[in-house]
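Computation of the quantities below employed the complete heavy-atom set of this structure, encompassing side-chain atoms and omitting hydrogens, waters and symmetry-equivalent molecules. Naming: A, B, ... by sequence-line order, numbering from 1 per chain.
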Amino acid sequence: MPLRLYNTLTKSTQDFVPIDPTGAVRFYSCGPTVYDDAHIGNFRSFLNADLLRRTLELCGYQVRHVMNITDVGHMTEDDNADGGGEDKMSLAGRRIAEAKKSGKLPAGADIDPSNPYAVAEFYASRFLEDARHLGLKVAEEERTQPQLMPRPTRCVKEMIALVSALIARGNAYVASDGVVYFSVTSFAAYGQLSGNTLDKLREGEGGRIDAAHQAVKRHPADFMLWKPDPTHIMRWPSPWGEGYPGWHLECSAMAEMLLGDEIDLHSGGEDNIFPHHECEVAQSCCASGLPHFSRVWFHTRHLQVEGEKMSKSKGNFFTARDLFAKGVTPAALRLELTRTHYRTNSNFTMQGLRDSQRMIDRWCAADAALLARENDGAVGVGPMQRALAEFKAALEDDLNIARSVSVINIAISEPPSGSAHEERAALARMNSVLGVLERNAPLVAESDDLATKVEALLEQRKQARAAKDFAASDRARDELTALGVRIKDTPQGTTWERAV
RNA sequence: GGCCGAGUACCCAAGCGGUCUACGGGAGCGGAUUGCAAAUCCGUAAUUCGCGGGUUCGAAUCCCGCCUCGGCCUCCA
């Protein structure tokens, strides 16, 4: 069965057909901006891209996956598409400087807050750490192939070349204010991806157009490609003066540099559809002269938290590391952020996180049981091997992960049979997409302090139980519960873990 | 105002015209186990799919209208 994917460009689900049937699938993902830690909404988008990549691999494709790490600081008041306000990287620097002063600087961070490159590097390394914990394959590959996660600050040359090409082809112009703009009327297909065609843009307006900048542009929707600004915190020399690139430019330039003029897949969050991806299409197609930039556009819908929009003021804003620090396993977070279909809004809840953890625990137990009977001599096909085809079919159906998860659950509830080795291999194959079995452990090391207390209480309880003083043993257990510890009595003794 | 999505049990969620008295998971409830719990195992839940019409022999699934929620309309994953 062919892989079928929904394509934002055609608003329909279609068979995936790679450009190069013998080579690798060319896949570009819009990655994080590194002037702050990535939050769980960001990670839903990145993890869905990873899920797609792993599904492609399950289907037998080789994948060249590129994800940028945006280290140029976009403007805080980027509301006129022409730059303005403060650079977000310098804002981040100020935040770090304040944290430094108040002694709240994260561990291991001794950086110069006035150096935007250092600020970017600081958050980029934290992002890579989070991403590797969550099993983002491209972040793992980055260790040996750093070019797979390019940084715009290192690709300014390519961006300048792209702007030059667009000017030469008549798709861009230098306006009277010295800024280079892309001319949207020069690209007939502008609006095809988002539905925001030029006539509709004019109707809608949206109140975010700054009249001062409009005067110099040929069309209100024309967007900036290069802004000369000799005072800017990050700036590079260019034929149009020292300044900085427009914020849509980096993806077009880096995708072309690393994957070619035409790519198979491009992913991002739904908010990227317009203007970011619409502008990328315009830039890339005009520069290459090809009718398509990416054949398929893959967009993940937004994540809500406890039924509400995630926001810092509502107190429902989480970064991945916030949750890891609470003892949430990367596996549970990975599953929770991906198990809702990518084209529906998903609702992140603490209860959901526990549900995910529960499923993973059962899968791990099933895996351990298979390992335990690897030498029992059983042969043949069991539930896992039978499940594999349906698991794959579910994912091939526009990444129907909920169904693929239910396939595993059904297989696990069946009586085990067949060759344990083969069964385990089938489970591993399914897990190669889900990526949870190998990361089902909390990242926070329990403090020695807590461990000591817990061990003491467990010993107390053990003695009380031996003496049949159940009131005392229950008291010990209540104290453990108060410490946030859950205990489990097993034939091998009592184990404990931090309750999430 | 324009353009997109979504509404299924207490919660998450599959379903794409008949095989749906609707897959899974969690919570709950009953039982086994346990000193009591936790964990585990067994059993158990919507005759109904936001509301109202329509098409059809047949609709959660298609069409129309309405309501609610979310996204985009130049910050945002």
Rounding to a whole Å, what distance do you find between [X]:[atom1] and [N]:[atom2]?
{"X": "A:Met310", "N": "B:C76", "atom1": "CE", "atom2": "C1'", "answer": "10 Å"}
{"X": "A:Ile273", "N": "B:C4", "atom1": "CD1", "atom2": "P", "answer": "12 Å"}
{"X": "A:Trp297", "N": "B:A77", "atom1": "CH2", "atom2": "P", "answer": "16 Å"}
{"X": "A:Arg475", "N": "B:A37", "atom1": "CZ", "atom2": "P", "answer": "19 Å"}
{"X": "A:His277", "N": "B:C76", "atom1": "NE2", "atom2": "C1'", "answer": "12 Å"}
{"X": "A:His299", "N": "B:C76", "atom1": "NE2", "atom2": "C1'", "answer": "13 Å"}
{"X": "A:Glu308", "N": "B:U68", "atom1": "CD", "atom2": "P", "answer": "18 Å"}
{"X": "A:Asp478", "N": "B:A38", "atom1": "CG", "atom2": "P", "answer": "13 Å"}

Determine the interatomic distance between [atom1] on [N] and the same-named atom on [M]; round to the nearest Å.
{"N": "B:C20", "M": "B:U47", "atom1": "C1'", "answer": "10 Å"}
{"N": "B:C57", "M": "B:C23", "atom1": "P", "answer": "29 Å"}
{"N": "B:C66", "M": "B:G2", "atom1": "P", "answer": "12 Å"}
{"N": "B:G17", "M": "B:G58", "atom1": "C1'", "answer": "8 Å"}
{"N": "B:A60", "M": "B:C49", "atom1": "C1'", "answer": "5 Å"}
{"N": "B:U56", "M": "B:C63", "atom1": "C1'", "answer": "12 Å"}
{"N": "B:A38", "M": "B:A27", "atom1": "C1'", "answer": "16 Å"}
{"N": "B:C67", "M": "B:G25", "atom1": "P", "answer": "38 Å"}

Legend entry - Counterpart residues, side-chain contact (heavy atoms from CB on, under 4.5 Å), relative to A:Thr33 (two or more places apart):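 Only A:Tyr35, A:Thr70, A:His74 meet the side-chain contact (heavy atoms from CB on, under 4.5 Å) criterion with A:Thr33.
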Inset, instruction - Fit a plane to each ring of A:Trp297 and A:His299, take the angle between them on a 0 to 90° scale, and name the class: parallel (under 30°), tilted (30 to 60°) or perpendicular (over 60°). - result: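 A:Trp297 vs A:His299 ring planes: parallel.
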Inset, instruction - For the pair A:Trp247 and A:His276, name the ring-plane relationship: parallel under 30°, tilted 30 to 60°, perpendicular over 60°. - result: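 Parallel: the ring planes of A:Trp247 and A:His276 meet at under 30°.
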Legend entry - Footprint string (nucleotides 7-26 of chain B, 5' to 3'): B base within contact, S backbone only, - free, heavy atoms under 4.0 Å: -----SSSS-------BSBS
Legend entry - Heavy-atom side-chain contact between A:Arg373 and A:Leu370 under 4.5 Å: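 Yes, at least one pair of side-chain atoms sits under 4.5 Å.
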Determine which nucleotide pairs with [N], using a 3.5 Å limit on both distances of a Watson-Crick or G-U wobble pair.
{"N": "B:U40", "result": "B:A32"}
{"N": "B:U19", "result": "none"}
{"N": "B:G70", "result": "B:C4"}
{"N": "B:U47", "result": "none"}

Output the single nucleotide from [options] whose closest atom is nearest the side chain of [X].
{"X": "A:Arg477", "options": "B:C36, B:A38, B:G70", "value": "B:C36"}
{"X": "A:His302", "options": "B:C36, B:A39, B:G71", "value": "B:G71"}
{"X": "A:Ser45", "options": "B:C76, B:A77, B:A38", "value": "B:A77"}

Inset, instruction - Flag this pair as yes if the NZ/CZ of A:Arg301 is under 6.0 angstrom from the six-membered ring centre of A:Tyr342 and inside a 45 degree cone about the axis; otherwise no. - result: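 The answer is no; the distance or angle limit is not met.
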Inset, instruction - Examine A:Arg343 relative to A:Tyr6 and say whether NZ or CZ is less than 6.0 Å from the centre of the six-membered ring and inside a 45° cone about the ring axis. - result: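 Yes, cation above the ring, under 6.0 Å and within 45°.
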Legend entry - Expected output: side-chain A:Asn347 to main-chain A:Glu306 donor-acceptor under 3.5 Å: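 Yes; at least one donor-acceptor contact below 3.5 Å.
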Inset, instruction - Please figure out whether A:Phe274 or A:Ile487 has its closest RNA chain B nucleotide nearer the 5' end. - result: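 Result: A:Ile487.
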Inset, instruction - Between A:Gly195 and A:Tyr190, just flag the one whose closest nucleotide in RNA chain B comes earlier from the 5' side. - result: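 Result of the comparison: A:Gly195.
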Inset, instruction - Please confirm whether A:Phe348 and A:Phe43 have ring centers closer than 6.0 angstrom. - result: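 No - the distance between ring centres of A:Phe348 and A:Phe43 does not fall below the 6.0 Å cut-off.
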Legend entry - Option passing side chain to side chain contact (heavy atoms under 4.5 Å, CB included) with A:Leu52 (candidates A:Val433, A:Thr300, A:Leu399):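 Only match with A:Leu52 under side chain to side chain contact (heavy atoms under 4.5 Å, CB included): A:Leu399.
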Inset, instruction - Give A:Leu303 one of three labels, base, sugar-phosphate or nothing, depending on what nucleic acid heavy atoms sit under 4.0 Å from its own. - result: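 If one applies the 4.0 Å heavy-atom cut-off, A:Leu303 turns out to touch a base.
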Inset, instruction - Classify the nucleic acid contact of A:Asn272 as base, sugar-phosphate or nothing, counting any heavy atom under 4.0 Å across all strands shown. - result: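 Result for A:Asn272 = sugar-phosphate.
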Inset, instruction - Please check the phosphate of B:G71 (OP1 and OP2 only) for any side-chain N or O of A:Lys309 closer than 4.0 Å. - result: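 It does, given that an N or O in the side chain of A:Lys309 lies less than 4.0 Å from OP1 or OP2 of B:G71.
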Legend entry - B:A77 OP1/OP2 closer than 4.0 Å to side-chain N/O of A:Thr33: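 Affirmative; the distance criterion is met.
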Legend entry - Donor/acceptor link under 3.5 angstrom from A:Asp489 side chain onto base of B:A37: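 A donor-acceptor contact between them is present.
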